[in-house]
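For reference, the structure I am asking about is given below.
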Amino acid sequence: METEAIIALIGPLVALVGVWVSLNSEVAKLKGRVYRLENDQRELKVMLKECVEGINELKILLAKKGM
């Protein structure tokens, strides 16, 4: 009787391990994507800051020329 119960539980346990491995793989992919997106966001912020500084310099130059 005990061996039958153990044999009956082997299938669901293997399936659970498979689901766990699959979920861990998906989580790892998502973590990588989030990391990449956060880096891209930081780069965009730096570029926008440089653009704003350039625009401010242009404003100053135009104000000096009286435009």
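Note that the structure is a prediction, hence the values are computed from the model and not measured.
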**Message:** Considering only residues two or more places apart or on different chains, which pairs with a residue in residues 51-62 satisfy salt bridge (Lys or Arg N to Asp or Glu O under 4.0 Å)?
**Reply:**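 Every pair satisfying salt bridge (Lys or Arg N to Asp or Glu O under 4.0 Å) with a residue in residues 51-62: there are none.
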
**Item:** Fellow cluster residues of Leu23, listed by chain then number, with links counted only when side-chain atoms sit under 4.5 Å apart
**Value:** Val19

**Complete:** Sequence neighbours excluded, the answer for side-chain contact (heavy atoms from CB on, under 4.5 Å) partners of Asn24 is Trp20

**Any residue meeting salt bridge (Lys or Arg N to Asp or Glu O under 4.0 Å) with Glu26, in chain and number order, not counting sequence neighbours** =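 Per chain and number, Glu26 pairs via salt bridge (Lys or Arg N to Asp or Glu O under 4.0 Å) with Lys29.
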
**Request:** Starting from Val34, walk the hydrophobic network (Ile, Leu, Val, Met, Phe, Trp, Tyr; side-chain heavy atoms closer than 4.5 Å) and list everyone else you reach, by chain and number.
**Result:** none

**Request:** List, by chain and then residue number, the residues other than Leu44 in its hydrophobic cluster (Ile/Leu/Val/Met/Phe/Trp/Tyr, side-chain heavy atoms under 4.5 Å); write none if there are no others.
**Result:**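 Leu44 shares its hydrophobic cluster with Met47.
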
**Request:** Report the residues that fulfil side chain to side chain donor-acceptor pair (under 3.5 Å) with Arg42, sequence neighbours left out, ordered by chain and then residue number.
**Result:** Asn39

**Prompt:** Got a second to check how far Leu30's CG is from Leu37's CG, nearest 0.5 Å?
**Reply:**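 Result: 10.5 Å between the selected atoms.
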
**Message:** If I take atom SG from residue Cys51 and atom CG from residue Asn56, how far apart are they, to the nearest 0.5 angstrom?
**Reply:**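 Taking SG in Cys51 and CG in Asn56, the distance rounds to 11.0 Å.
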
